[in-house]
Amino acid sequence: MEFQNGKKYYLGLSLASNLNYDSGVAVLDNDLNVICLDKLYSDEDIRHFLKNYSSINETVLAVSLAQDNTLLAGKWRMMAKGYKQIENQFDINADDWTNRLTPRISNFLKDLSYEGYPIFRYYNFQLRQAMGVAPNYPERTSIDCKCLQTALKHKFSLATLPEDMLPASNLEAILGAMFAKNVYEGKKYKKIGESKGLDIL
């Protein structure tokens, strides 16, 4: 990806699968100081935050891809069984239940990209592996969050992190913001796909 010069801030958004879970947002500056940490829930909350974020012209945005949890609703167990087809009305993807990723705010993010704001998508788990902080414990458990927060503080010298335990979504958002900074500074990351018109790195 190519960026215009003059970017001072890096925004990471760890997007939750739906509004029942918190989406974390983090903004870092060039010295990896934490400028903002927040939790957002609904799509409207996220759009409101980004529309009213005053430094968006000086910011590189990295937004995670969220899994679509409807696949886990149990419906696939019934639909995946080897039924004998007696009619031609069997819709294998009724209600989009086989989708792996949720399309949350994808159109809004694409509109931001069309307006010239630098934005790309990423996978949280792959990013943790690439940055050397892959989970050693079940993901998003309290001990995993403690390890990740300790790694951010000592391995990446994020001295401005609070002493209290941060939510998993905020920790993942901080990693996303660091990733945005790395990409802006020219570190080589491969494009692994596209999602709704945005590059996935």
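Remember, predicted model here, so these are calculated numbers, not experimental data.
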Response to the item:
Only one of N30, D29, T59 passes side chain to side chain donor-acceptor pair (under 3.5 Å) with Y10, and that residue is N30
Worksheet item: Which heavy-atom pair separates S113 from I119 by the least distance, and what is that distance?
Response: CB-CG2, 3.7 Å
Worksheet item: Looking only at heavy atoms, what is the nearest atom pair of L161 and I174, with distance?
Response: CD2-CD1, 3.5 Å
Worksheet, complete the sentence: Smallest heavy-atom separation, L37 atom then A26 atom, equals CD2-CB, 3.6 Å
Fill in: Test item: T160 side-chain N/O and N33 main-chain N/O as donor-acceptor pair under 3.5 Å
no
Worksheet entry | Value rounded to 0.5 Å, distance of CD1 in I200 from OG in S64 | 11.0 Å
Worksheet item: Are L50 and L19 connected in the hydrophobic side-chain network, where two residues link if heavy atoms are under 4.5 Å apart?
Response: no
Worksheet item: Does the side chain of L32 come within less than 4.5 Å of M178's, by heavy atoms?
Response: yes
Worksheet item: At what distance, to the nearest 0.5 angstrom, does CG of N107 lie from CG of L112?
Response: 11.5 Å
Discussion item. For E163, is there an ion pair with K153 - N to carboxylate O distance below 4.0 angstrom?
Written reply: yes
Worksheet item: Would a distance-only check, ignoring hydrogens and angles, find a side-chain to backbone donor-acceptor pair under 3.5 Å from R47 to I105?
Response: no
Worksheet item: Got F49 and L11 here, is their nearest side-chain heavy-atom distance under 4.5 Å?
Response: yes
Worksheet item: Does the side chain of Y189 come within less than 4.5 Å of F120's, by heavy atoms?
Response: no
Worksheet item: Do Y117 and I46 belong together in a cluster built from hydrophobic side chains that touch within less than 4.5 Å?
Response: yes
Discussion item. For P167 versus D22, what's the shortest heavy-atom pair and its separation?
Written reply: CB-OD2, 4.3 Å
Worksheet item: With a 4.5 Å limit on heavy-atom distance, are the side chains of L28 and K181 in contact?
Response: no
Discussion item. Using a 3.5 Å distance criterion without hydrogens, assess whether the side chain of S169 forms a donor-acceptor pair with backbone atoms of S23.
Written reply: no
Fill in: Minimum-distance pair of heavy atoms, taken over all atoms of E139 and P135
CG-CG, 4.3 Å
Worksheet entry | Side chains of L65 and S195 in contact at under 4.5 Å (non-hydrogen atoms) | yes
Practice prompt. Report yes if the side chains of S55 and K8 come closer than 4.5 Å at any heavy-atom pair, otherwise no.
Written response: no
Worksheet entry | Chi angles and distances behind the side chain to side chain contact (heavy atoms under 4.5 Å, CB included) call for R140, E172 | CA-CA 10 Å; R140 285 185 156 225; E172 291 168 349; 2.7 Å; yes
Worksheet item: Do C145 and L171 come within less than 4.5 Å of each other through their side chains, counting heavy atoms only?
Response: yes
Worksheet item: Is it true that atom CZ of F108 has more than 12 heavy atoms of other residues, nucleotides or ligands lying nearer than 6.0 Å?
Response: yes
Worksheet entry | Pairwise side-chain contact, K39 with N170, heavy-atom cut-off 4.5 Å (strictly under) | yes
Fill in: Test item: K7 side-chain N/O and N57 main-chain N/O as donor-acceptor pair under 3.5 Å
yes
Worksheet item: Is it true that L148 and Y123 fall in one hydrophobic cluster, defined by side-chain heavy atoms closer than 4.5 Å?
Response: no
Practice prompt. Say whether N124 and S14, considering side chains only, have a donor N or O and an acceptor N or O under 3.5 Å apart.
Written response: yes
Item to complete: Grab the two heavy atoms, one from P162 and one from Q149, that are nearest each other, plus how far apart they are.
Response: O-NE2, 3.1 Å
Discussion item. Tell me whether R121 contacts the main-chain N or O of D199 through its side chain, where contact means a donor paired with an acceptor under 3.5 Å.
Written reply: no
Discussion item. Tell me whether L109 shares a hydrophobic cluster with L101, the cluster being built from Ile, Leu, Val, Met, Phe, Trp, Tyr side chains joined at under 4.5 Å.
Written reply: no
Worksheet item: For the residue pair F179 and Y122, does the interplanar ring angle fall in the parallel (under 30°), tilted (30 to 60°) or perpendicular (over 60°) class?
Response: perpendicular
